[in-house]
There are 2 protein chains.
Amino acid sequence: MIKTPYLLFLGDAPDALSAKVAQGIKDWRPDASVGQLRMEGCKADVKLPDLTLAEAKAAGAKTLVIGVANRGGYISASWKKVLIVALEMGFDLASGLHNLLRDEPELVAAANANGGMLHDVRVPSVEYPIANGKIRSGKRCLAVGTDCSVGKMYTAIAMEREMHARGMRATFRATGQTGILITGGGVPLDAVIADFMAGAVEYLTPDNADDHWDLIEGQGSLFHVSYSGVTLALVHGGQPDALILCTEPTRAHMRGLPEYQQPSLEALRDTALTLAWVGNPNCQVVAVSVNTQHLNEADALAHMAEVEVRIGLPTVDPYRQGAARLVDALDGITARQKPEAALTGHITPDA
Amino acid sequence: MIKTPYLLFLGDAPDALSAKVAQGIKDWRPDASVGQLRMEGCKADVKLPDLTLAEAKAAGAKTLVIGVANRGGYISASWKKVLIVALEMGFDLASGLHNLLRDEPELVAAANANGGMLHDVRVPSVEYPIANGKIRSGKRCLAVGTDCSVGKMYTAIAMEREMHARGMRATFRATGQTGILITGGGVPLDAVIADFMAGAVEYLTPDNADDHWDLIEGQGSLFHVSYSGVTLALVHGGQPDALILCTEPTRAHMRGLPEYQQPSLEALRDTALTLAWVGNPNCQVVAVSVNTQHLNEADALAHMAEVEVRIGLPTVDPYRQGAARLVDALDGITARQKPEAALTGHITPDA
């Protein structure tokens with residue numbers, strides 16, 4: 001586990017989007033960060049207090065989290081100076097970059113000299129098993145998208161928050177680096193060896209109480225040819241009881257693939273459900289989550305009203321409207337029953 | 001590339017099935033192996049001459065291939081003695097085991113001392129790209145299965161042989177360790193990092209001549225919850241023009257998953273085709289390949305006749321009947337045309 005609270009390192013972020021990891025942590029764990037650390041020229045601002053390393057340390061910060069990605073995902077020389085000082089002051093470091101903290105000899109040396117931890121959250125820390133497909137107790141909801149980066153993580157976290165506010169038992173299950181940094185744990189699914197993807201998802205969403213919901217962070221899209229295999233491992237490893245369809249209605253084409261059209265919500269619904277039934281014949285599509293950040297309020301509401309009639313399911317933007325109707329849509333879904341022989345197995349508590 | 005000819009190491013194989021890698025090489029590259037090397041207690045026999053290391057060396061063998069898997073996939077102490085002698089005599093070693101030759105210090109030392117190569121074909125040797133989904137020239141056929149181990153590799157190799165016999169341009173593209181050892185190259189797809197699976201398949205099946213066919217070895221099944229993500233990466237990374245449905249009709253349940261039923265051929269056809277259209281809207285299901293090894297001749301023929309009527313596609317067991325009708329089924333499929341802008345790109349020759 002990664003120690004909190006964090007100090008969020010924004011470095012010399014060239015724009016707001018490059019600090020989206022920090023933004024996600026700020027949005028969903030405002031309590032987990034004492035402040036932000038920005039270098040000269042930083043164009044991002046997640047609206048946390050600007051603190052020096054010393055000020056953050058005094059405020060209780062335990063881990064400096066790299067909340068920014070530069071082109072190529074590498075660790076620049078100017079960053080490295082700050083990171084080394086942080087280690088010398090007793091911080092741990094955490095990063096979801098492709099290039100690893102542990103591959104930087106100066107950082108390793110400084111960590112060793114000062115007893116600091118280097119958390120590369122993009123590297124699996126567990127030898128995941130091959131999936132066994134056994135029915136697990138508890139309930140699971142998976143966000144599936146028309147495309148990458150359409151709001152699957154936000155949808156799942158927003159539902160967890162709403163459930164907790166209602167006193168329901170629920171756990172957001174992170175499958176990507178931002179989610180892992182938000183929660184402090186999870187599976188970096190895109191970095192898992194192919195044969196073990198579905199097993200990693202089973203590992204992430206184990207047996208649980210019958211009234212407990214796992215809210216599983218989706219990845220990629222069944223319609224995104226670069227990453228669809230990762231998505232299907234989530235559908236089959238997660239054996240979801242409920243699917244939420246996630247979309248961003250202003251996309252001109254699939255992310256990074258200009259020749260590929262976005263699928264319709266109907267196509268996503270039918271394809272995802274057919275595949276989900278392999279792992280869980282009771283799976284239902286229960287709602288639609290629309291990322292309306294590029295629409296004004298009137299257009300957003302009109303669009304969602306049209307989708308709700310067309311698809312016949314509750315349709316909301318959880319960021320704009322809250323996740324109450326998404327959680328309501330799970331009403332009446334009951335946990336699968338394990339075969340008699342399996343009922344003597346170990347039931348893990350809520351994570 | 002792995003140097004041929006091979007000497008096939010069967011070790012102390014407890015039964016014929018444990019030597020299925022060697023059997024596959026013998027079946028499909030009988031010319032590539034000078035003989036087999038069996039230790040005391042070996043219960044397998046692929047019907048090649050039993051040779052000592054010295055005899056094999058004299059017969060021209062360049063690489064000792066571990067053609068056997070023991071439980072757990074490890075390299076036993078009794079094997080190691082033989083492998084070290086082989087390295088000392090100038091052989092290279094090749095293995096598709098989970099446990100790696102390169103992780104055995106004594107083998108590494110012997111290889112270094114004698115200039116020998118250690119080929120762990122289960123380890124990707126290339127940094128594969130993220131898939132870009134661009135239309136590639138040439139034609140591609142992918143074998144998809146109702147389950148794992150139903151004859152997808154045999155189907156693809158048998159089709160390559162038939163095409164070569166007809167003077168057609170075709171390349172079997174190996175995606176698993178046996179296929180890689182048969183051909184000397186390929187992508188060990190189940191060992192690739194999740195994000196790069198589809199990109200590895202694109203890498204394996206590059207631009208080619210308009211009349212050239214890639215026969216892509218399938219893996220897993222869209223209906224096998226442990227491995228379906230790997231299968232979908234093949235469907236989307238391979239952007240096949242043609243799919244062959246592969247099945248083994250006597251299976252009681254999905255391999256390794258006693259709670260899971262086999263899908264019908266109709267379900268496989270519809271699911272695979274819907275997903276394949278994302279990557280290639282012209283994709284067609286052209287034939288059915290049935291592994292009838294557990295049926296007698298009369299039952300096999302009756303079963304295939306029934307399937308042929310029911311599915312309405314040529315239905316054959318290529319191992320029993322040859323692959324002629326599977327190749328005939330590709331008649332009339334034309335290569336996709338790349339957009340004008342891409343036509344100036346490099347066209348790679350046949351592999």
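Nothing here was measured: the structure is a model prediction, and the numbers come from that model. Just so we're on the same page: letters track the sequence lines, and every chain starts at 1.
- Distance alone, capped at 3.5 Å, is enough to place a donor-acceptor pair between the A:Ser221 side chain and the A:Thr146 backbone.
- A:Asp241 and A:Asn280 form a side-chain donor-acceptor contact under 3.5 Å, judged by distance and modelled atom types alone.
- For the pair B:Arg269 and B:Glu266, the salt-bridge criterion is not met [side-chain N within less than 4.0 Å of a carboxylate O].
- Of all the listed residues (A:His224, A:Gln239, A:Met197), the one sharing the greatest number of non-hydrogen pairs under 4.5 Å with chain B is A:Met197.
- Not one N or O on the side chain of A:Trp277 forms a donor-acceptor pair closer than 3.5 Å with the backbone of A:Asn282.
- At a 4.5 Å heavy-atom cutoff, the contact between A:Phe223 and chain B is made by backbone and side-chain atoms alike.
- Note on A:Gly199, A:Gly279, A:Pro263, A:Gly237: by heavy-atom pairs under 4.5 Å with chain B, the leading option is A:Gly279.
- Between A:Asp214 and A:Lys139 there is no side-chain heavy-atom pair separated by less than 4.5 Å.
- Ion pairing between a basic and an acidic side chain is recognised when a charged N comes within 4.0 Å of a carboxylate O; B:Lys134 and A:Glu259 show such pairing.
- Formation of a donor-acceptor pair under 3.5 Å by the B:Ser137 side chain with backbone atoms of B:Asp210 is not found in this model.
- Interface remark: of the candidates B:Val230, B:Val201, B:Asp195, B:Asp195 forms the most heavy-atom pairs closer than 4.5 Å to chain A.
- Heavy-atom pairs under 4.5 Å with chain A were tallied for B:Leu257, B:Asn132, B:Val192; the largest tally goes to B:Val192.
- At a 4.5 Å heavy-atom cutoff, the contact between A:Leu222 and chain B is made by backbone and side-chain atoms alike.
- Both the backbone and the side chain of B:Ser228 have a heavy atom closer than 4.5 Å to some heavy atom of chain A.
- Most heavy-atom pairs under 4.5 Å with chain B, from the set A:Ala198, A:Ala233, A:Ser226: that is A:Ser226.
- Annotation: maximal heavy-atom pairing with chain B below 4.5 Å, among A:Leu232, A:Thr271, A:Asp190, occurs at A:Asp190.
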